[in-house]
Amino acid sequence: MRSYYCGDVRSAQIGETVTLYGWVDRRRDHGFVIFLDLRDRTGTVQVVSDPDRTPKSHPVAEGVRNEYVIKVVGRVSKRPDESLNPKLATGEIEVYAEEIELLSAVRKQLPFQVSLSDTETVKEELRMKYRYLDLRRDRMSKNLQLRHSVVKAARRFLEDDENFIEVETPILTKSTPEGARDYILPSRVNPSEWYALPQSPQLFKQLLMVSGFDRYYQVARCFRDEDLRADRQPEFTQLDMEMSFLSQEEILDLNERLLCHIVKAVKGVDLPRPFPRLTYKEAMDRYGCDKPDTRYGMELVDLSDVLQNSGFKVFTDAVARGGIIKVLPVPGGNDAISNVRIKPGGDLFKEASEAGARGLAYIRVRENGEIDTIGAIKDNLTEDQKAEILKRTQAKAGDLLLFGAADAPTVNKTLDRLRQVIARELKLVDETKMNLLWVVEFPMFEWNADEKRFEALHHPFTRPYNEDAGDLTTARAQAYDIVLNGFEIGGGSLRIHEPELQAKVFETIGLSDEEANSKFGFLLEAFEYGAPPHGGLALGLDRLVMLLAGEESIRDTIAFPKTQQARCVLTSAPSGVDEKQLKELQVASTYRPKVKED
RNA sequence: GGGAUUGUAGUUCAACUGGUUAGAGCACCGCCCUGUCACGGCGGAAGUUGCGGGUUCGAAUCCCGUCAAUCCCGCCA
C-alpha cells in the first residue's frame with residue numbers, strides 16, 4: 001500500500017518508513033552511492049541507496065534505468081545540510097531505500113526523454129504517437145490536472161452553490177440543418193437512416209427546461225466535422241448550461257461568478273467584476289471584430305466623415321459606394337514598420353489583401369504634426385483634414401496610421417488582422433493580463449449573399465429583443481459571447497419559448513413549415529405544453545484551459561487529440577472496417593482514389 | 001480545396017556556394033567514480049538525410065512529384 005505520493009513527502013515524515021511507487025525520472029550513480037529521482041504525477045523525491053546503509057536495495061538500484069517502474073520501501077531522512085535542494089518541494093528530505101522492487105522495465109529505447117528536467121521540445125507528431133509517454137511529462141501532466149481542477153471548481157460552484165443538476169444527453173442523435181457539418185453514423189437496425197453526433201446539446205437542454213429541470217449543466221462532448229485549427233478539434237468539450245426564469249442580466253451575473261470561482265480556484269486570482277461589456281456594434285467599431293483582445297490599445301478610428309470629401313479617390317470612392325474609412329494607429333510604427341512591408345509584395349500588404357483589402361494607405365506622423373505619406377494622399381488633404389486626423393487618432397510623432405477604405409466588413413476584417421499581427425510583433429500584449437469581457441446585442445441574422453438568404457448569427461432558437469421583434473431582419477438578439485484575451489470562450493442566449501415567434505424566425509431564415517416541422521417539430525410541439533422562459537450559455541472548456549495554462553493550442557489540453565487531418569496517430573483512426581461490418585449496415589463507399597494522368 | 005513552414009542517428013540540432021568517411025549535445029551500451037540532484041570521467045554502438053524520380057562527374061544541399069506534422073485562408077449557426 002502506497003503511503004505517500006512522491007511529491008508529497010516532507011520533513012514531517014522524517015523517521016517514518018514509507019512505501020512509494022513511481023517512475024525513475026533520473027538516476028545518478030556514483031559507483032558507491034546511487035541516487036534515484038522517483039516520479040509520479042505529483043512530483044519527484046530523491047531515493048538513496050548505498051552498499052553500507054541499504055545493502056539489500058543496492059544491487060537492484062544498480063540495474064534500474066530511466067522510466068523503470070519501481071516500488072521503494074525506505075526510511076525518510078533529513079538531508080545533510082550541504083545537500084539540501086531548495087529547488088525541489090521535497091528537497092529537505094530523501095528516502096533511504098531499504099527495499100527496491102522492480103515492477104516494470106523499459107525494454108525499448110524511449111522515443112523521447114520523459115524526465116522532468118528535460119527541456120528539449122519534441123516534435124508534436126512524435127508526442128502524439130506516444131501520447132501516453134508525453135502525458136507522463138511535466139507540461140502535459142500539469143495541463144490535464146489543471147483541466148481537472150477547472151471542471152471540479154465548476155461542478156462545486158454549479159452543484160453546491162447554485163443548485164444545478166447534471167443531465168446527460170444523447171450522443172446518437174438527429175442531423176440538423178444550419179450550422180456546422182455533422183458527423184453521421186449509419187443505423188444497422190434502420191437501414192438507410194442515419195444518426196448524427198451532436199454539435200452541442202442545444203435542443204435537448206431546451207427540452208429539459210420544458211421538463212422542469214430549471215438549472216441544468218453538463219460537461220458535454222460536441223462534434224463538428226469541419227477543418228481543424230490550433231483552437232478547433234473535431235470533438236471538443238463544452239461546459240453547457242441552461243436555466244429557466246432568469247433574465248439575461250441574471251445569466252451573465254451567474255456566469256461571471258462561475259468564471260471568477262474557477263479562476264480563483266486554479267490561479268488564486270480575484271478577477272474584478274462586473275466584466276466590461278461591449279455591444280456587437282461597439283466591438284466592430286472599435287476593434288473590427290466581435291472578440292476583441294483588449295490587453296492592448298490600437299483602437300480603430302472612423303474617419304469616413306472627415307475624408308469623404310478629400311481629393312484622394314480611393315477614400316472618396318469607398319464612401320460614395322456606401323463603405324467606410326478607418327484607421328489603425330500603430331504607436332511607434334514609423335521605426336518598427338518599413339514602407340516595403342506596407343506596399344505590394346510586403347507581408348503586411350499581403351495580410352491586408354488576404355482580408356479583402358485592395359490596398360493599404362498609410363500616413364507617418366513626424367515632429368510638429370507633420371505628416372509623411374504618398375503624394376496622392378498628401379496633396380489632397382486640407383490642413384483642417386490633417387489636423388482632424390491627428391486629433392481623432394491622438395497620434396504622436398513616430399506613430400504610423402494604416403488606412404482601410406472599402407465596405408465596412410472588409411475594412412474591419414483587414415484592420416483587425418493587422419492590429420493583432422502588429423500588436424504581437426511590437427510586444428504590445430501584456431501577457432499577464434486576463435481580460436474577460438461580454439459582447440452583447442448581436443444581430444439576429446446575417447445576410448448570406450451566396451445563398452441569398454438570412455442566416456442566424458447565433459442559432460435559430462435565439463430570442464430577439466422584444467422591442468425589435470417587429471422587423472426580425474434588423475433585430476438584435478438577446479445573445480452574448482464571453483471573450484478572454486481575444487478568444488471566444490463561450491456564448492449563449494435567451495431562447496424563444498413561443499411556437500409563434502419560433503415559426504417567424506424559421507420563416508426569416510427561409511426554412512419552410514414542412515422542413516421546420518420535420519427537423520424541429522418535436523421542439524415546437526414541446527413548446528405547446530407549457531414552456532418556461534429560458535436561456536443558457538456554453539463555455540469552451542478546451543479553450544478556457546488552454547488560456548489558463550498559457551498554451552497556444554487546445555491539443556495541449558486534450559489527453560488524446562486529433563491531428564490537423566483529423567487523425568489519431570496513436571490508434572491510427574480513422575481506418576477501414578471489415579466488409580462484413582459494412583454489409584450489416586448496408587453501406588457502401590463511393591470513394592475512388594484519384595488516378596493520376598500523364 | 002488553396003497558401004506557407006518543417007522533415008538529417010532513439011531524440012534535439014549542425015553540415016558554407018552542390019565536393020573527402022554526414023557531425024555535436026542528450027538518451028542508449030560498457031568501464032570507472034562515496035553526496036549528487038540537468039552529477040562527473042573514459043570508451044562504444046548508432047544514419048535508406050521522410051519516400052519516389054530527375055539534373056550533375058558528384059545531391060542532405062538544386063528541380064519535379066508524393067507523404068506526414070504544424071500555422072493560416074476558405075470552412076467552423
Side-chain angles (χ1 to χ4, degrees), chain A residues 25-38 44-53 58 65-67 77 79-88 90-91 94 106-130 133 176-182 199-200 202 222-234 236 347 350-351 353-356 413 417 420-421 442-446 448 450 454-462 477 479 488 491 493 505 509 511 540 552-553 555 562-565 567 569 594 596 598:
Chain A
D25 191 63
R26 242 162 222 282
R27 173 173 172 277
R28 290 176 295 279
D29 183 349
H30 291 247
F32 183 81
V33 64
I34 296 171
F35 300 100
L36 303 175
D37 292 335
L38 190 66
T44 64
V45 64
Q46 176 161 282
V47 173
V48 192
S49 179
D50 77 50
D52 288 348
R53 294 184 58 171
H58 193 258
R65 293 293 180 272
N66 287 351
E67 298 309 311
S77 307
R79 290 189 180 200
D81 286 343
E82 64 279 14
S83 296
L84 298 175
N85 186 346
K87 284 187 283 185
L88 276 180
T90 58
E94 57 196 356
V106 172
R107 294 149 209 277
K108 299 173 70 174
Q109 169 111 29
L110 291 160
F112 50 82
Q113 283 162 249
V114 174
S115 168
L116 288 183
S117 54
D118 187 43
T119 52
E120 277 183 349
T121 56
V122 179
K123 277 199 188 61
E124 197 167 358
E125 189 179 359
L126 203 63
R127 288 174 53 203
M128 287 201 275
K129 184 167 178 194
Y130 297 96
L133 293 179
T176 53
E178 301 277 310
R181 191 178 295 114
D182 284 320
Q199 296 180 25
S200 80
Q202 184 60 36
C222 305
F223 305 86
R224 293 178 190 177
D225 186 5
E226 297 291 348
D227 287 345
L228 287 75
R229 291 286 187 279
D231 63 350
R232 277 166 28 194
Q233 284 270 304
F236 61 100
D347 64 317
K350 198 178 157 214
E351 199 73 46
S353 57
E354 270 177 15
K413 193 173 172 189
R417 283 176 65 157
Q420 293 188 45
V421 168
F442 282 82
M444 284 285 285
F445 304 107
E446 221 173 21
N448 182 326
D450 293 338
F454 285 100
E455 280 180 339
L457 199 70
H458 190 60
H459 59 53
F461 316 107
T462 301
E488 180 199 324
S493 64
V505 168
I509 61 174
L511 201 66
E552 290 188 345
S553 164
R555 290 187 303 278
K562 305 282 189 289
T563 69
Q564 194 161 49
Q565 295 304 311
R567 305 195 64 90
V569 288
K594 271 186 211 154
K596 241 191 103 179
D598 281 325

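All figures in this text were calculated on a predicted structure; none of them were measured in a lab. Residue numbers start from 1 in every chain, and the chains themselves are labelled A, B, ... in the order their sequence lines are given, proteins ahead of strands.
An OP1 or OP2 oxygen of B/G30 is reached within less than 4.0 angstrom by a side-chain nitrogen or oxygen of A/Arg65. Dashed line: the shortest gap from a side-chain N or O of A/Arg27 to OP1 or OP2 of B/C39 is not under 4.0 Å. The side chain of A/Thr563 places an N or O atom within less than 4.0 Å of a non-bridging phosphate oxygen (OP1 or OP2) of B/A69. Close to B/A68, at under 4.0 Å from its OP1 or OP2, lies no side-chain N or O of A/Gln565. Residue A/His30 places at least one side-chain N or O closer than 4.0 Å to OP1 or OP2 of B/G35. Distances shown here put a side-chain N or O of A/Lys123 below 4.0 Å from the OP1 or OP2 atom of B/U12. Of the side-chain N and O atoms in A/Arg26, one or more sit less than 4.0 angstrom from OP1 or OP2 of B/C39. For A/Arg28 and B/C39, the shortest distance from a side-chain N or O to OP1 or OP2 is below 4.0 Å. Applying the 4.0 Å criterion to OP1 and OP2 of B/A27, one finds that A/Asn66 has every side-chain N and O outside that range.
Of the candidate nucleotides B/C39, B/C71, B/C76, B/C76 has the atom lying nearest to any side-chain atom of A/Ala180. Set against B/C75, B/G74, B/C71, the side chain of A/Arg232 has B/C75 as its closest nucleotide. Distances from the side chain of A/Glu120 to the nucleotides B/C76, B/G35, B/U11 place B/U11 closest. For A/Ala230, whose side chain is taken as the heavy atoms from C-beta onward, the closest listed nucleotide among B/A27, B/C71, B/U12 is B/C71. Nearest nucleotide to the side chain of A/Gln113, out of B/U11, B/U70, B/C26: B/C26. Set against B/U11, B/C73, B/G35, the side chain of A/Phe35 has B/G35 as its closest nucleotide. Counting only heavy atoms from C-beta on, A/Asn85 has its side chain closest to B/C37 among B/U36, B/U70, B/C37. Which of B/C76, B/A69, B/C73 sits closest to the side chain of A/Glu124 comes down to B/A69.
Counting non-hydrogen atoms under 4.0 angstrom, A/Val48 reaches nothing in the nucleic acid. Counting any heavy atom pair closer than 4.0 Å across all strands shown, A/Ser83 reaches a base atom. In this structure, A/Lys413 reaches the sugar-phosphate backbone alone: every heavy-atom distance under 4.0 Å involves primed, P, OP1 or OP2 atoms, never a base.
Results of the side-chain hydrogen bond (donor to acceptor under 3.5 Å, both in side chains) test with A/Asp37 over A/Arg27, A/Arg28, A/Arg26 single out A/Arg28 as the only residue that passes.
With hydrogens and angles left out, the side chain of A/Gln109 and the base of B/U11 share no donor-acceptor pair within 3.5 Å. Checked by distance alone, A/Asp50 brings no side-chain donor or acceptor within 3.5 Å of a matching partner on the base of B/G35. For A/Glu125 against B/G7, no side-chain N or O and base N or O form a donor-acceptor pair under 3.5 Å.
Stacking annotation: A/Phe112 is not stacked on the base of B/U11 (requires ring centroids less than 5.5 angstrom apart and an interplanar angle below 30 degrees).
For the residue pair A/Asp25 / A/Thr44, no side-chain donor-acceptor distance below 3.5 Å is found, with atom types taken as modelled. Looking at A/Arg555 and A/Gln564, their side chains never bring a donor and an acceptor atom within 3.5 Å of each other.
For the pair A/Pro80 and A/Leu110, nearest-nucleotide mapping onto RNA chain B gives the more 5' position to A/Leu110. When each of A/Gln564 and A/Val122 is assigned the nucleotide of RNA chain B with its nearest heavy atom, A/Val122 is the one assigned upstream, toward the 5' end.
Look at the P atom in both B/U12 and B/G18: the space between them is 27 Å, to the nearest Å. B/C39 and B/A46 have their P atoms separated by 27 Å, given to the nearest Å. Comparing the P positions of B/C63 and B/A4 gives an interatomic distance of 13 Å, to the nearest angstrom. Distance noted for atom C1' between B/G50 and B/U56: 23 Å (whole Å). Taking atom C1' in both B/G7 and B/U61, one finds a spacing of 14 Å when rounded to whole Å. One P atom belongs to B/A9, the other to B/G54, and the distance between them is 25 Å to the nearest Å.
Proximity of the aromatic rings of A/Phe461 and A/His459 is defined here by a centroid distance below 6.0 angstrom, and this criterion is met.
For B/A60, there is no paired base (Watson-Crick or G-U wobble, both distances below 3.5 Å).
Taking atom CG of A/Leu126 as the reference point, atom C1' of B/G50 lies 14 Å away to the nearest angstrom.
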